[in-house]
Amino acid sequence: MDFLDDYTGHVDPGGPAARRTLGTLEVTKVSVGPMDNNAYLLTCPATREALLVDAANDPDRLSDLIGSGPDRPTLRTIVTTHQHGDHWQALGAIAGKFGAETIAHNDDAGPLPVPPDRLVINGDKIRVGEVELEVIHLRGHTPGSIALLYRDPQGTPHLWTGDSLFPGGVGKTTLPEDFESLINDVEHRLFDTLPDDTWFYPGHGDDGTLGNERPKLHMWRERGW
């Protein structure tokens with residue numbers, strides 16, 4: 001697999017992966033599957049342990065992302081951000097191949113093809129090597145949707161949001177009460193607690209920052225999606 005080190009937050013289906021190095025974490029983003037799903041490999045450079053956010057599709061492509069040589073990272077953990085099928089098509093294959101622990105929220109565990117080894121709730125911590133990620137439960141897109149927060153000690157916070165937050169709006173919801181739940185959680189658990197320079201990584205498409213989206217929150221509420 002080809003890798004781009006000039007990270008912009010954009011990747012193309014079938015194209016190279018994009019890689020960036022933060023203070024104590026290496027982030028690699030790739031697009032997989034027919035729905036242009038993002039998968040993220042988070043690697044601790046100090047220990048070479050890795051965590052995969054959403055084994056969404058294309059197990060061979062995800063295996064290439066992790067690598068096969070002696071210097072490849074050790075995949076310890078796979079986190080599924082929510083229960084929708086386009087985010088776990090390769091979960092069984094990748095978990096089985098690499099022997100990784102699987103993690104999800106209890107409210108979304110039922111539909112997953114692999115019963116999670118660990119269930120998490122809001123505020124739990126997940127480690128990848130020496131790096132700690134915080135679980136943020138964002139209710140509405142699905143009952144158990146979660147985001148992962150990395151507080152870079154040398155820079156800005158970084159946030160993996162699944163399908164709960166995108167540049168331009170929150171994730172799709174079916175009922176008005178689901179939208180109300182999601183917009184409330186996104187506002188109170190993300191925008192009210194994190195700074196504008198927080199960089200977020202969604203389940204599809206390009207990355208964004210909270211600062212760029214913050215002025216649009218009232219518009220999202222008014223339009224109802």
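Everything quoted here is computed from the prediction, not taken from an experiment. Numbers for residues simply follow the sequence, beginning at 1.
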When W199 is tested against each of D207, T156, D152 for side-chain hydrogen bond (donor to acceptor under 3.5 Å, both in side chains), which residue passes?
-> D207
Distance-only, no hydrogens or angles: does the D86 side chain make a donor-acceptor pair with backbone N or O of A56 under 3.5 Å?
-> no
Same cluster or not: are I183 and L175 linked, directly or through other Ile, Leu, Val, Met, Phe, Trp or Tyr residues, by side-chain heavy atoms under 4.5 angstrom apart?
-> no
Side chain to side chain contact (heavy atoms under 4.5 Å, CB included) between L165 and L190, intermediate numbers included = CA-CA 10 Å; L165 176 65; L190 302 183; 4.1 Å; yes
How long is the span from the CD1 atom in I146 to the NE2 atom in H141, to the nearest 0.5 Å?
-> 13.0 Å
Neighbour count above 12 (heavy atom, 6.0 Å) for K216 NZ = yes
Please report the closest heavy-atom contact between L159 and A147, naming both atoms and the distance.
-> CD1-CB, 4.1 Å
Who passes salt bridge (Lys or Arg N to Asp or Glu O under 4.0 Å) against D71, sequence neighbours left out?
-> none
Scan the side chains in residues 125-132 for donor-acceptor partners under 3.5 Å anywhere in the protein, sequence neighbours excluded, and list what turns up.
from : atom 1 : to   : atom 2 : distance (Å)
K125 : NZ     : G123 : O      : 3.2
R127 : NH2    : E130 : O      : 2.8

Verdict with reasoning, H105 to H82, per ring-ring contact (aromatic ring centres under 6.0 Å, His included) | CA-CA 8 Å; H105 192 281; H82 63 288; over 10 Å; no
Donor-acceptor pair, side chain of Y150 and main chain of T24, under 3.5 angstrom | yes
Rounded distance (nearest 0.5 Å) linking atom CG of L138 with atom CG of L182 | 7.0 Å
Within the side chain of N38, is there an N or O that forms a donor-acceptor pair under 3.5 Å with the backbone of G205?
-> yes
So V79 and L148, side chain to side chain contact (heavy atoms under 4.5 Å, CB included) or not? Walk me through it.
-> CA-CA 9 Å; V79 175; L148 298 178; 4.0 Å; yes
Under 3.5 Å: donor-acceptor pair, side chain of T161, backbone of S164 = no
Applying salt bridge (Lys or Arg N to Asp or Glu O under 4.0 Å), name anything that partners D196, two or more places apart in sequence or on another chain.
-> R214
Gap separating the OG1 atom of T28 from the CG atom of D5, nearest 0.5 angstrom | 8.5 Å
With hydrophobic residues grouped by side-chain heavy-atom distances under 4.5 Å, do M35 and F166 end up in a single group?
-> no
Taking everything shown except D6 itself, do over 12 heavy atoms lie less than 6.0 Å from its CG?
-> no
Is the side chain of S63 donor-acceptor paired with the backbone N or O of P59 at a distance under 3.5 Å, no angle test?
-> yes
How long is the gap from NE2 on H10 to CG on D12, to the nearest 0.5 Å?
-> 3.5 Å
Atom CZ in R221, atom CZ in F179: separation rounded to 0.5 Å?
-> 7.0 Å
Y40 (side chain) donor-acceptor with P202 (main chain) under 3.5 angstrom | yes
Going from CG on L217 to CG on L210, what distance comes out if it is rounded to the nearest 0.5 angstrom?
-> 9.0 Å
Exam field: side chain S181 to backbone R139, donor-acceptor pair closer than 3.5 Å | yes
Answer yes or no: is there a donor N or O on one side and an acceptor on the other, between the side chain of H158 and the main chain of Y201, under 3.5 Å?
-> no
Compare all side-chain heavy atoms of V135 with those of L149 and state whether any distance is below 4.5 angstrom.
-> no
Would you say L119 and I103 are hydrophobically clustered, going by side-chain heavy atoms of ILVMFWY under 4.5 Å?
-> no
Which atom of G162 lies closest to which atom of T81, heavy atoms considered = CA-OG1, 3.7 Å
Side-chain heavy-atom pair E101, R118 within 4.5 angstrom cut-off | yes
Can you see which heavy atom on G169 is nearest to which on R223, and at what distance?
-> CA-NH2, 3.6 Å
Given Y7 and R19, is the side chain to side chain contact (heavy atoms under 4.5 Å, CB included) satisfied, shown in steps?
-> CA-CA 6 Å; Y7 190 91; R19 182 166 50 197; 5.8 Å; no
Measure from the side-chain N and O atoms of T43 to the backbone N and O of P45, and report whether any donor-acceptor pair falls under 3.5 Å.
-> no
Taking side chain to side chain contact (heavy atoms under 4.5 Å, CB included) as the test, write out the residues that go with P195, two or more places apart.
-> P157, D197, T198
Indicate whether the side chain of N57 and that of Q89 have a donor and an acceptor atom separated by less than 3.5 Å.
-> no
Remaining members of the apolar cluster that contains W88, side-chain heavy atoms under 4.5 Å | M1, F3, V30, V32, L41, L52, L62, L65, I66, L75, I78, L91, I94, F98, L112, V114
Ignoring hydrogens and geometry, is there a side-chain-to-backbone donor-acceptor pair from T193 to R189 under 3.5 Å?
-> yes
Quick one: closest heavy-atom pair of A18 and V11, and the distance?
-> CB-CG1, 3.7 Å
Ring pair (Phe, Tyr, Trp, His ring centres under 6.0 Å): pairs with one or both residues in residues 203-225, sequence neighbours excluded | H87-H204
Could you give me the CA-CA distance, side-chain angles and deciding distance for D178 and E180, then say whether side chain to side chain contact (heavy atoms under 4.5 Å, CB included) is met?
-> CA-CA 5 Å; D178 293 334; E180 189 70 17; over 6 Å; no
same_hphob_cluster(L25, L194) at 4.5 Å side-chain heavy-atom cutoff = no
